[in-house]
Amino acid sequence: MTRKLPSIPLSFAALLWACVLIAPQAKGEIRYTVSLLHPEQHLFHVTVEVPDVKDSVELQMAAWDAVYEIRDFSSHVQRVTATADGRDVRIEKLDKLTWRVQAGGTVKVSYDTFWDDPGPFSSQLNTEHAFINPAMILLYIPGRRAEKSILSFYDVPAEWIVGSASPVLFESSGGVRLFTVKAPTFDALADEPIEVSHFEEFTIPGLTPPVRVVIHGDDYKRHDVEAALRKICAYEIKLMEGAPYPDYTFIFHIGKAANGSGGGMEHANSTAISVPSGASLPNISAHEFFHLWNVKRIRPASLEPLDPTREMYTRSLWFAEGVTSTFSSYALVRTGIWSKQEFLQDLSQQITELESRPAEQWQSAEQSSLDAWLEKYALYNQPQRSVSYYTKGQVLGFLLDIVLRDRTDNQRSLDDLLRAMNADFAREGKFYRDSLDIRLESEKLTGGSLAEFFDNYVASANPLPYRNLLARVGLELRTLESVRATLGFLPQREPGAPWTVIAIDADSLAAKSGLQVGDEILRWNSADVPRRPERWVAQQKPGDVLHLRIRRNEKEESIGLHLGELRQKFFQVAEMSHADDRARRLRDGLLRGTTDPITARSH
């Protein structure tokens, strides 16, 4: 039996069928309608209408989108039914992603899909808003992804409106509202996040093509958001010699609306970003905006053609993501949003993070890129098992910039490399061959081989030549060490449950004290367990005594243990006090984004 549209008023049903379903259909046009009725149930009620079906049609749900993880969005789907030319027909599920209707004519498939996950990498429907990554909620027809796709929303709460990168067509009749977004292909629709809520919207002045901002949330000042985005967008557009879009949209979830999530997701003509406050917005915005070029248009061949049903392995995420982070830090310092000291502090933090992970000794930037699909496993993310292609790529991008400037006496830079990649690949509709074409384009700029750099530091995990390269731009790497107290064990508490020891360092003083995994902690130095034990221990000294009252096997006992000592190495990038003129000139060029006039030179 075909599922009935839930509680639709007669006047609205008439409008819906007239505007969406009965109206003449253009050939090769897939129509979606989504009801937001009862948002507190977190169910999107979806219907997809497929015209011109010959004998049968298969519909599929993506297995991954937004992040490099197989997440099987079909696991959210329920109550799937179908009709063909208005009569009920059987729909058969073939595998975890695919359904088939054995009928011809105009086929309509209806289903519900449950989403209440915050953040730019998911979808969410609740009483506050709807945020939609269409690839996560819409079935598509594998052989007809190139056809025009139309998405309409109805049963939208009274004060909510719809925001997306594409124009939103609004229709109203008898108090019933319908919002429609049109895309030339399903893939274009899938790459367009949509916010439905009572949001603030404005256009950033002084930017051409226009850049629009949609904000759902609090804890931000519009003036600050506007000022930061205007600087970032204007700088990056100038850097890349023009914008690649007709218009662009930032969708922000800020403060409470972020619901504890953070991060950003790039799209062809928009981005969705969640941040805890407006103050944390510039860095991630600069990163996502630069993705307009790097990864959305300057794109590795290993990610084409897009297959949303399986893993797509690439060796170039260190460049697509990590070097994008290099440019986001450049954008901030070159526009004055960051000071020079803040830029160097950020670089120091990236090097410290990279060098603190034992896996840096064996996992190359290319292998880290290939292994992105393992990041959903907690074991893989441990420091001894992996490094981040974001972190390693950002550092490599900075070092490669030094190499390019040093080889050419500051006449060529990483900026020139990205512009060359944009000209030779993106604007020509071509895709680059992972690290190979990055190296070849770099060599065109320098006029000499860069095989040693790419072989040793991109394809292999040799120690990065920080000190040698930093010195060429008048910088030095200082090694510092801190000593702090450590518990030697990990306490954790689930809501409504007691604090429990869930892990103990084998060689710690806590292990030697007799503490065991599973012990319930009743008292902590004759008081309640602190709400944040990690903050408590940060205020102590190594060797201080901690008295615990614990319960084990229904018996209570007291345990005293000495806090251990944890020595941490960290790195600081600083300006050399006696750098020569050439090094200072290269350093100034890097920080300001400038190069010297090109003159005849030998290599």
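Residue numbers run from 1 in the order of the sequence given. In what follows, every heavy atom counts, from backbone to side chain, and hydrogens, waters and symmetry copies are set aside.
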Just by distance, with hydrogens left out, do [X] and [Y] show a side-chain donor and acceptor under 3.5 Å apart?
X: Thr83; Y: Asp88; value: no
X: Thr271; Y: Glu266; value: no
X: Tyr220; Y: Glu200; value: yes
X: Gln124; Y: Asp116; value: yes
X: Glu192; Y: Ser166; value: yes
X: Ser123; Y: Asn133; value: no
X: His76; Y: Thr113; value: no
X: Ser152; Y: Thr33; value: no
X: Thr249; Y: Ser270; value: no
X: Ser364; Y: Glu366; value: no

Determine whether [X] and [Y] make a side-chain contact, defined as any pair of heavy atoms from C-beta on separated by less than 4.5 Å.
X: Ser302; Y: Tyr313; value: no
X: Phe289; Y: Cys233; value: yes
X: Leu281; Y: Ile273; value: no
X: Met312; Y: Trp64; value: yes
X: Ile232; Y: Pro282; value: yes
X: Thr106; Y: Val50; value: no
X: Met265; Y: Asp65; value: no
X: Val323; Y: Trp318; value: yes

Centre-to-centre under 6.0 Å for [X] and [Y], is that the case here?
X: Tyr140; Y: Phe186; answer: yes
X: Tyr68; Y: Trp373; answer: yes
X: Phe252; Y: His216; answer: no
X: Trp115; Y: His42; answer: no
X: Phe179; Y: Tyr154; answer: no

Quick check for you: to the nearest 0.5 Å, what is the distance between [X] atom [atom1] and [Y] atom [atom2]?
X: Ile237; Y: Tyr248; atom1: CD1; atom2: OH; result: 10.0 Å
X: Glu201; Y: Glu195; atom1: CD; atom2: CD; result: 11.0 Å
X: Leu59; Y: Met61; atom1: CG; atom2: CE; result: 9.5 Å
X: Asn381; Y: Glu375; atom1: CG; atom2: CD; result: 6.0 Å
X: Asp371; Y: Ser386; atom1: CG; atom2: OG; result: 8.5 Å

Within 6.0 Å of [atom1] in [X], more than 12 heavy atoms from elsewhere:
X: Asp95; atom1: CG; answer: yes
X: Tyr377; atom1: OH; answer: no
X: Lys430; atom1: NZ; answer: no

Counting distance only, does the side-chain N/O of [X] pair as donor-acceptor with the main-chain N or O of [Y] below 3.5 Å?
X: Ser122; Y: Gly119; answer: no
X: Arg177; Y: Phe170; answer: no
X: Trp293; Y: Glu236; answer: no
X: Tyr111; Y: Leu139; answer: yes
X: Asp247; Y: Pro210; answer: no
X: Asn422; Y: Phe425; answer: no
X: Arg297; Y: Ala268; answer: yes
X: Arg419; Y: Leu239; answer: yes
X: Thr98; Y: Leu94; answer: no
X: Ser56; Y: Gln102; answer: no

Considering all heavy atoms, the nearest [X]-[Y] contact:
X: Gln60; Y: Pro142; answer: OE1-CG, 3.6 Å
X: Val275; Y: Ser280; answer: CB-OG, 3.5 Å
X: Val53; Y: Arg144; answer: CG2-NH1, 4.3 Å
X: Arg315; Y: Ser435; answer: O-OG, 4.1 Å
X: Gln363; Y: Val387; answer: OE1-N, 2.7 Å
X: Met136; Y: Phe121; answer: CE-O, 2.8 Å

**Report entry** From Asp307, Asp187, Asp191, residue fulfilling salt bridge (Lys or Arg N to Asp or Glu O under 4.0 Å) relative to Arg145
**Finding:**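 Considering Asp307, Asp187, Asp191, a salt bridge (Lys or Arg N to Asp or Glu O under 4.0 Å) with Arg145 is found only for Asp187.
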Query raised in the report: Given the rule in the side-chain contact (heavy atoms from CB on, under 4.5 Å) test, do Glu49 and Val109 qualify, once you have shown the distances and angles that lead to the verdict?
Result: CA-CA 7 Å; Glu49 177 182 336; Val109 174; over 6 Å; no
Report task. Any chance you could lay out the side-chain contact (heavy atoms from CB on, under 4.5 Å) test for Val77 and Asp112, step after step, and finish with the verdict? Result -> CA-CA 6 Å; Val77 171; Asp112 296 339; over 6 Å; no
Requested in this report: Show the numbers, then the answer: is there a side-chain contact (heavy atoms from CB on, under 4.5 Å) between Phe199 and Ile215?
Outcome: CA-CA 6 Å; Phe199 53 74; Ile215 302 180; 5.9 Å; no
**Report entry** Full working for side-chain contact (heavy atoms from CB on, under 4.5 Å) between Arg310 and Ile70
**Finding:** CA-CA 7 Å; Arg310 63 171 181 86; Ile70 296 296; 5.6 Å; no
Report task. Begin with the C-alpha distance, continue with both residues' side-chain angles, and end with the deciding distance and a verdict on salt bridge (charged side-chain N to carboxylate O under 4.0 Å, His left out) for Glu128 and Lys256. Result -> CA-CA 11 Å; Glu128 299 298 322; Lys256 293 179 182 178; over 6 Å; no
Requested in this report: Before accepting this row, confirm whether a basic side-chain N of the pair Glu441/Arg439 lies closer than 4.0 Å to the acidic partner's carboxylate O.
Outcome: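 No, this pair does not count.
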Query raised in the report: Which is it for Glu92 and Arg100 under the salt bridge (charged side-chain N to carboxylate O under 4.0 Å, His left out) test, yes or no, and what are the steps along the way?
Result: CA-CA 5 Å; Glu92 176 187 11; Arg100 180 170 60 203; 3.4 Å; yes
**Report entry** Residue of the set Glu321, Lys296, His267 for which side chain to side chain donor-acceptor pair (under 3.5 Å) holds with His291
**Finding:**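 That would be Glu321; it is the only one of Glu321, Lys296, His267 passing the side chain to side chain donor-acceptor pair (under 3.5 Å) with His291.
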